[in-house]
Student: 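After the structure tokens below, expect a handful of questions from me.
Counting starts at 1 for both ligands and their atoms, following the listed order. Atom set for the values below is all heavy atoms of this structure, side chains included, hydrogens, waters and symmetry mates excluded.
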Amino acid sequence: MRDAKIAASILSADFANLGKEVDDVITAGADYIHFDVMDNHYVPCLTVGPMVCSALRKNGVTVPIDVHLMTKPVDSLITEFAKAGASYITIHPEATEHLDRSLQLIRDCGCKAGLAFNPSTPLEYLEYVLERLDMILIMSVNPGFGGQTFIPGTLRKISQVHHIIQDCNHPIRLEVDGGVKVENIAEIANEGADTFVLGTGIFHTDNYHATIASLRSELNRVTH
Ligand code: DX5
Ligand code: ZN
């Protein structure tokens, strides 16, 4: 398949050695660093903020940093993460009072804008904001924790979004997040996804290079 991107989610990295973990996974072939921000409000966990994003940039990370905001509200963090070196900033529609304004803000700050859909969130949110998007993220687990099982019903949703993107006249990445593994990445790609988030699926394996090579070999079986 053409132009697939693998986004390594640092949520499952060893935080005591975060700089090295990020360097290692990039050397092993990860295209993006996926940066999960949880606020103990929109989701139960509490993770990391813009200082850590900025520290990774200062440590020499040059690949895109794909910030996934699982926070409510979002606007002040959009500004902070843009300053901290984020490339993509993805938000959940339920987490902002004014979705159109928040999406505009992401691009005004110089970042690419993403919109995330929880398993039960309807795609209707796309109707009036498609032109503001550079990425659509389909959550294939309920947000808040790494290491959950992929929800099979999201395959149909991925396919629906793929068709919406095909009919739209600007490029939008279709990212899938939650429970992605070597064993199911080809099935997910077959529905039209082109960007794959893996936390435990990479960081809880012994050899990041071998795992990413296996992911690419699975993706090479996919024809779109
Ligand atoms: C879940 C996060 C994911 C998480 C995925 O709320 O958005 O990015 O790290 O973890 P795995 O790949 O282990 O399901
Ligand atoms: Zn995520």
Side-chain angles (χ1 to χ4, degrees), residues 4-15 18 21-22 25 28 30-50 52-53 56 63-72 74 77-78 81 86-95 106 111-121 134-155 157-158 161 173-189 193-206 208 211-212 214-215 218-219:
K5 302 289 186 198
I6 292 175
S9 166
I10 60 165
L11 186 64
S12 296
D14 173 4
F15 270 86
L18 188 59
E21 285 274 74
V22 168
V25 85
D31 300 298
Y32 297 167
I33 293 301
H34 184 83
F35 197 101
D36 284 309
V37 185
M38 303 184 184
D39 67 348
N40 180 232
H41 170 67
Y42 180 65
V43 292
C45 282
L46 182 65
T47 60
V48 283
V52 177
C53 183
L56 293 178
V63 303
I65 297 184
D66 172 29
V67 172
H68 177 192
L69 288 185
M70 286 161 278
T71 69
K72 187 175 183 172
V74 295
L77 283 174
I78 288 171
F81 270 101
S87 309
Y88 287 87
I89 300 180
T90 295
I91 60 175
H92 285 252
E94 302 89 347
I106 297 173
C111 296
K112 292 186 173 165
L115 189 60
F117 290 81
N118 290 334
S120 69
T121 302
D134 303 291
M135 180 182 280
I136 297 170
L137 187 164
I138 299 300
M139 291 299 304
S140 38
V141 298
N142 288 291
F145 305 95
Q148 302 180 78
T149 304
F150 185 92
I151 297 172
T154 49
L155 288 171
K157 200 176 198 179
I158 294 162
V161 174
R173 299 209 69 89
L174 175 42
E175 182 170 57
V176 177
D177 185 2
V180 182
K181 307 279 179 211
V182 171
E183 293 72 25
N184 62 7
I185 195 167
E187 186 184 16
I188 298 164
D194 56 33
T195 307
F196 305 89
V197 177
L198 291 96
T200 51
I202 293 176
F203 284 107
H204 289 194
T205 65
D206 292 336
Y208 303 163
T211 302
I212 293 174
S214 302
L215 292 164
E218 286 297 303
L219 290 171

Student: Under 3.5 Å between any N/O of G147 and any N/O of ligand 1: does that happen in this structure?
Tutor: yes
Student: Pair T90, L115 - check side chain to side chain contact (heavy atoms under 4.5 Å, CB included), show working.
Tutor: CA-CA 5 Å; T90 295; L115 189 60; 5.8 Å; no
Student: For H204 and ligand 1, answer yes if some heavy atom of the residue is under 4.0 Å from a ligand atom, otherwise no.
Tutor: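 False for this residue.
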Student: Taking the side chain as C-beta and beyond, is there a heavy-atom pair between Y88 and V67 under 4.5 Å?
Tutor: no
Student: Near D36, which atoms of ligand 1 are under 4.0 Å from a heavy atom of that residue?
Tutor: 2 (C), 3 (C), 4 (C), 7 (O), 8 (O), 9 (O)
Student: F150 vs I188, test: side chain to side chain contact (heavy atoms under 4.5 Å, CB included). Steps then yes/no.
Tutor: CA-CA 10 Å; F150 185 92; I188 298 164; 3.5 Å; yes
Student: Looking only at protein heavy atoms, which one is nearest to atom 1 (C) of ligand 1, and how far off is it?
Tutor: F145 O, 3.5 Å
Student: Determine whether H68 and F35 satisfy the following criterion, ring pair (Phe, Tyr, Trp, His ring centres under 6.0 Å), listing intermediate values before the conclusion.
Tutor: CA-CA 6 Å; H68 177 192; F35 197 101; over 10 Å; no
Student: Exactly one of V161, I136, V197 should register a side chain to side chain contact (heavy atoms under 4.5 Å, CB included) with E175. Which one does?
Tutor: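 Result for side chain to side chain contact (heavy atoms under 4.5 Å, CB included) with E175: V197.
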Student: Could a heavy atom of D177 be found less than 4.0 Å from some atom of ligand 1?
Tutor: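 Yes.
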Student: Going by the closest heavy atom to atom 9 (O) of ligand 1, which one wins out of S9, A116, G146, G199?
Tutor: S9
Student: Determine, stepwise, if the pair Y32 / R173 fulfils side chain to side chain contact (heavy atoms under 4.5 Å, CB included).
Tutor: CA-CA 13 Å; Y32 297 167; R173 299 209 69 89; 3.4 Å; yes
Student: What protein heavy atom sits nearest atom 14 (O) of ligand 1, and how far away is it?
Tutor: G179 N, 2.8 Å
Student: Taking the N/O/S atoms of H68 one by one, which is nearest to the Zn ion (ligand 2)?
Tutor: ND1
Student: Heavy-atom contacts with G178 under 4.0 Å: which atoms of ligand 1 show up? List them by number with element.
Tutor: 14 (O)
Student: Against heavy atoms of M70, which atoms of ligand 1 measure under 4.0 Å?
Tutor: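 What qualifies from ligand 1 is 6 (O), 7 (O).
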Student: Quick one: are K112 and S87 in side-chain contact, heavy atoms under 4.5 Å?
Tutor: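 Answer no - side chains too far apart.
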Student: If the cut-off is 4.0 Å to any non-hydrogen atom of M38, which atoms of ligand 1 fall inside it?
Tutor: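 Every atom of ligand 1 under 4.0 Å from some heavy atom of M38: 6 (O).
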Student: Considering the heavy atoms of L11, write down every atom of ligand 1 situated less than 4.0 Å from one of them.
Tutor: 4 (C), 9 (O)
Student: Could you verify whether a donor N or O on one side chain and an acceptor N or O on the other, from T47 and D36, lie under 3.5 Å apart?
Tutor: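 No, D36 and T47 have no side-chain donor paired with an acceptor closer than 3.5 Å.
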Student: Is there at least one pair of N or O atoms, one from H68 and one from ligand 1, spaced under 3.5 Å apart?
Tutor: yes
Student: To which protein heavy atom is atom 6 (O) of ligand 1 closest, and what is the distance rounded to 0.1 Å?
Tutor: G144 N, 2.8 Å
Student: Among the N/O/S atoms of D36, select the one at the shortest distance from the Zn ion (ligand 2) and name it.
Tutor: OD1
Student: Which ligand 1 atoms, with their elements, are less than 4.0 angstrom from a heavy-atom of L198?
Tutor: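 Near L198, the atoms of ligand 1 are 12 (O).
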Student: For atom 13 (O) of ligand 1, grab the closest protein heavy atom and report residue, atom and distance to one decimal in Å.
Tutor: T200 OG1, 2.6 Å
Student: I need the NE2(H34)-the Zn ion (ligand 2)-OD2(D177) angle, rounded to 10 degrees.
Tutor: 100°
Student: Hey, are the side chains of I151 and S140 touching, using non-hydrogen atoms and a 4.5 Å cut-off?
Tutor: no
Student: Below 4.0 angstrom from a heavy atom of V197, which ligand 1 atoms are there? Numbered from 1 as shown, please.
Tutor: 8 (O)
Student: Say whether T205 and T211, considering side chains only, have a donor N or O and an acceptor N or O under 3.5 Å apart.
Tutor: yes
Student: Do T200 and K181 pair up side chain to side chain, a donor and an acceptor below 3.5 Å, judged on atom types alone?
Tutor: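 On atom types as modelled, these side chains qualify, holding a pair under 3.5 Å.
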Student: Please say whether more than 12 non-hydrogen atoms of neighbouring residues, nucleotides or ligands are located less than 6.0 Å from NZ in K5.
Tutor: yes
Student: Under a 4.0 angstrom heavy-atom cut-off, which atoms of ligand 1 come close to H34?
Tutor: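 Those qualifying, in numeric order: 8 (O).
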Student: With a 4.0 Å cut-off on heavy atoms, is F150 touching ligand 1?
Tutor: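 No; F150 lies far enough from ligand 1 that no heavy-atom distance drops under 4.0 Å.
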Student: Decide side chain to side chain contact (heavy atoms under 4.5 Å, CB included) for T195 and L174; before the verdict, give the C-alpha distance in whole Å, the side-chain angles of both, and the deciding distance to 0.1 Å.
Tutor: CA-CA 6 Å; T195 307; L174 175 42; over 6 Å; no
